[in-house]
Amino acid sequence: MSDKEISEKNAELMKTIVSHCKECGFIFQSAEIYGGLNGCWDYGPLGAELKRNLKDYWWRVNVQERDDILGMDGSILTHRSVLEASGHLGGFSDPMCDCLLSNARLRADQIEPQSGTIYWYTGATHAESDWSTEREYGVLIQESQDEKKARKTARLFFSKFLSDKQISPKKLELQGERTEEVTDTIRFNPENGSLLTEARDFNLMFKTQMGASSDENDINAEAYLRPETAQSIFVQFKNVVDTNRVKLPFGIAQIGKSFRNEINPRNFTFRSREFEQMEVEYFCRAEDGSRLTDEWLELRLKFYEAIGVPREKLHVIDIPDGERAHYSSKTYDIEYEFPFGIQELEGVAYRTDHDLKAHKEHSKKPIDYIDQENGGQKLIPHVVEPSAGCDRTILAMICEAYDEETITDEKGKEAVRKVMRFDPKMAPIKVGVFPLLKNKPELVEKAREVQKLLVKHMNVFYDETAAIGRRYRRQDEIGTPFGVTIDFDTLGDSGDELKDTVTLRERDSMEQTRMPISELLPFLLDKIH
RNA sequence: GCGGGUGUAGCUCAGUGGUAGAGCGCGACCUUGCCAAGGUCGAUGUCGUGAGUUCGAAUCUCAUCACCCGCUCCA
């Protein structure tokens, strides 16, 4: 297959997965009945279970099963000063401008100052079709360049507004030409001399006003939706240390939402302006930072394996000097092979002491760690940050789980079986319980008993409609790993040997085994943990 | 942000100016003794939204929203 065919096939696969997610109730578009909200998605009943399972497992592995990591849950609304200290306010909201001709977006502060002659125009006309447009436009011509270039560029610009695209830009009459000498201007694109739009600040963060009667211009009423969860942890670092008798190295973990306004939503839930992060800030001594970063990378790779994202679909990128965030001296990206490309799931970044230092300086509060092991010396710990995208991981799990299998029955008829091969730990529903027939009250009653036995320990789905085969397939489509069928043997119709046993059907192999009801719970609990 | 494409039932789609359709799915009943069985009946649509042209618009025009693809951006 050519690259193009593979990419088309993957695009088809992605469409199918998106449809399947909607059809089964994993993921819906936000505000769909009002036409949808750009890049926002809601988790439906099954998606909510899946996400909960992922977050619970992450929390269990990274917080509850470790005695060196504590959890917290910070507020989403964030104090202005926190973001000043972290550098999110100010430093990163670079003014940008767009080239009026090519639409290229440039950082205003990175434009090389130029000198030369500006050719200004007030509009253009096309006599034959009685078309005209009026707008101010200019082209910068440097000394070595021909003034013809100014007219050519201007015609090209005005031709963008032609309704009849057949008309050649050369046929346009330029209006109101005048010239102006300038030195060191940054209002023109160095690439093509075209006028740029005014420099505009780009809103990297969602901003809101605190207080019902807030004044829009009152800086103290400003609050921001956090652009990353990490800052909540750094800001509360001292409180956690003071109240928990912790010793280096130790971590603080958090799962929560973050918001980034500048994100251009793409690829289903992969890139959204609102997203959930699962991250640990693991504090340590400076000399251990680099080693711990490597150790965390390995731990995280094991985690993905445990939730059903295989190692061979993951790629680790060691981000080179110059491409890392300014605060980091070592960063690994963990990427997954999505149908739409290899894309990042998680970053494991060694953030040094950058963040705590910044908050210490900005808040002027002593947030140092007191090192009792070294005679009460004060120090600012370094930090290693494994930061995973929760929604991205969900999407990876869904893409990985989705499978279509061609099955040939006894009559030689082919059918496609859709299966979500979730790891049983992650599956939204763990087991389906079915009476073989619904019009036999004894079967229904026994099946309800089995349901009751299991329901306090796991998510059980009871279904008595349609033929048994169809019920199995319905569960396959949503990734339920096990099915339990209550039949006449369960009731003792074939003698005591089979009494109180059920058929246990496994999703991936479709194999069926006979199991006593009394063994069902321990068997399933073992599989789903 | 730019360019291209798409939008009709829960899903996949047909319908290109004249009564809103199919397959699958869904519900009820009958039948059914372990892998999408059969029968009968049934429900489901602001044709993405708004405006315009027209005697008449799902269909043509414009705007807008959303999604997909390619660029751009992603501290």
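Quantities reported herein were computed from a predicted structural model and do not represent experimental measurements.
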Quiz: residues 382-402 of chain A side-chain donor-acceptor pairs under 3.5 angstrom, not counting sequence neighbours:
residue, atom, partner, partner atom, Å
A/His382, ND1, A/Tyr350, OH, 2.6
A/Glu385, OE1, A/Arg351, NH1, 3.4
A/Glu385, OE2, A/Arg351, NH1, 2.6
A/Ser387, OG, A/Glu279, OE1, 2.7
A/Asp391, OD1, A/Tyr43, OH, 2.7
A/Asp391, OD1, A/Lys51, NZ, 3.1
A/Asp391, OD2, A/Glu276, N, 2.7
A/Arg392, NE, A/Phe270, O, 3.1
A/Arg392, NH1, A/Glu344, O, 3.1
A/Thr393, OG1, A/Gly389, O, 2.6
A/Glu400, OE1, A/Lys313, NZ, 2.9
A/Glu400, OE1, A/Tyr336, OH, 2.5
A/Tyr402, OH, A/Glu404, OE2, 2.5

Q. Among residues 501-510 of chain A, which contact RNA chain B at a heavy-atom distance under 4.0 Å?
A.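 Contacting residues: A/Thr503, A/Arg505, A/Met510.
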Q) For residues 19-33 of chain A, which residues have at least one heavy atom under 4.0 Å from RNA chain B? A)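 The stretch gives A/Ser19, A/Lys22, A/Glu23, A/Gln29, A/Ile33 as the residues lying under 4.0 Å from the strand, ordered by number.
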Q: Inspect the contact between A/Arg471 and A/Asp463 and indicate whether a charged nitrogen and a carboxylate oxygen are less than 4.0 angstrom apart.
A: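 The answer is no: the pair does not qualify as a salt bridge.
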**Q.** Note: A/Arg514-A/Asp487 ion pair, threshold 4.0 Å (strictly below)
**A.** yes
Q. Between atom CD1 of A/Ile76 and atom OG of A/Ser258, what is the distance when rounded to the nearest 0.5 Å?
A. 8.0 Å
Could you tell me how far [M] sits from [N] if I compare only their [atom1] atoms? Round to whole Å.
N: B/A43; M: B/C29; atom1: C1'; answer: 15 Å
N: B/A57; M: B/U8; atom1: C1'; answer: 14 Å
N: B/A14; M: B/G7; atom1: P; answer: 8 Å
N: B/C24; M: B/A36; atom1: P; answer: 15 Å
N: B/G33; M: B/U19; atom1: C1'; answer: 48 Å
N: B/U61; M: B/G4; atom1: P; answer: 15 Å
N: B/A63; M: B/G5; atom1: P; answer: 13 Å
N: B/U32; M: B/U40; atom1: C1'; answer: 15 Å

Report the nucleotide, chosen from [options], that has the shortest atom-to-atom distance to any side-chain atom of [X].
X: A/Pro227; options: B/U31, B/C35, B/A75; answer: B/A75
X: A/Lys15; options: B/A75, B/C34, B/C68; answer: B/C68
X: A/Asn267; options: B/C34, B/C35, B/C69; answer: B/C69
X: A/Asp487; options: B/C67, B/G33, B/C34; answer: B/C34
X: A/Arg266; options: B/A28, B/G33, B/G3; answer: B/G3

Quickly work out the [X] [atom1] to [N] [atom2] distance and round it to whole Å.
X: A/Arg260; N: B/C73; atom1: CZ; atom2: C1'; value: 13 Å
X: A/Arg471; N: B/U32; atom1: CZ; atom2: P; value: 15 Å
X: A/Arg271; N: B/A75; atom1: CZ; atom2: P; value: 10 Å
X: A/Phe434; N: B/G33; atom1: CZ; atom2: C1'; value: 16 Å
X: A/Glu323; N: B/A75; atom1: CD; atom2: C1'; value: 14 Å
X: A/Glu405; N: B/C35; atom1: CD; atom2: P; value: 15 Å
X: A/His88; N: B/C74; atom1: NE2; atom2: C1'; value: 13 Å
X: A/Asp489; N: B/G33; atom1: CG; atom2: C1'; value: 9 Å

Which atom pairs, donor and acceptor, lie under 3.5 Å between side-chain atoms of residues 11-18 of chain A and protein residues at least two apart or in another chain?
residue, atom, partner, partner atom, Å
A/Thr16, OG1, A/Glu12, O, 2.8

Q. If only side-chain N and O atoms of A/Arg474 are considered, is one of them under 4.0 Å from the OP1 or OP2 phosphate oxygen of B/C26?
A. yes
Q) Side-chain N or O of A/Arg470 less than 4.0 angstrom from OP1 or OP2 on B/G25? A)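 So the side chain of A/Arg470 is within the cut-off, an N or O lying under 4.0 Å from OP1 or OP2 of B/G25.
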Q. If you look at every strand shown and take non-hydrogen atoms under 4.0 Å, does A/Leu436 touch a base, only sugar-phosphate, or nothing?
A. base
Q: Remember a base hit wins even if backbone is also touched, and classify A/Val18 as base, sugar-phosphate or nothing at under 4.0 Å, heavy atoms.
A: nothing
Q. Starting at the 5' end of RNA chain B and moving along, which residue's nearest nucleotide shows up first, A/Thr485 or A/Thr269?
A.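 Nearer the 5' end of the strand: A/Thr485.
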(Q) Using a 3.5 Å distance criterion without hydrogens, assess whether the side chain of A/Arg271 forms a donor-acceptor pair with backbone atoms of A/Gly39. (A) no
Q | A/Gln254 side-chain N/O to A/Thr229 backbone N/O, donor-acceptor pair under 3.5 Å | A |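 Present.
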Below 3.5 Å, does any donor atom in the side chain of [X] face an acceptor in the base of [N], or the other way round?
X: A/Tyr472; N: B/C34; value: yes
X: A/Asn439; N: B/U32; value: yes
X: A/Asn264; N: B/C73; value: no

(Q) Quick one, A/Arg474 with A/Thr465, criterion side-chain hydrogen bond (donor to acceptor under 3.5 Å, both in side chains). Give me CA distance, side-chain angles, the key distance, then yes/no. (A) CA-CA 11 Å; A/Arg474 279 179 187 155; A/Thr465 64; 2.9 Å; yes
**Q.** Side-chain heavy-atom pair A/Lys357, A/Thr352 within 4.5 angstrom cut-off
**A.** no
Q: Sequence neighbours left out, what passes side-chain hydrogen bond (donor to acceptor under 3.5 Å, both in side chains) with A/Ser272? Give chain and number order.
A: none
(Q) If the condition is side-chain hydrogen bond (donor to acceptor under 3.5 Å, both in side chains), which residues does A/Glu445 pass it with, not counting sequence neighbours? (A)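 side-chain hydrogen bond (donor to acceptor under 3.5 Å, both in side chains) list for A/Glu445, sorted by chain: empty.
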**Q.** Base-pairing assignment for B/G23 (Watson-Crick or G-U wobble, both under 3.5 Å)
**A.** B/C11
Q) So, A/Phe482 versus A/Phe523, ring centres under 6.0 angstrom or not? A) yes
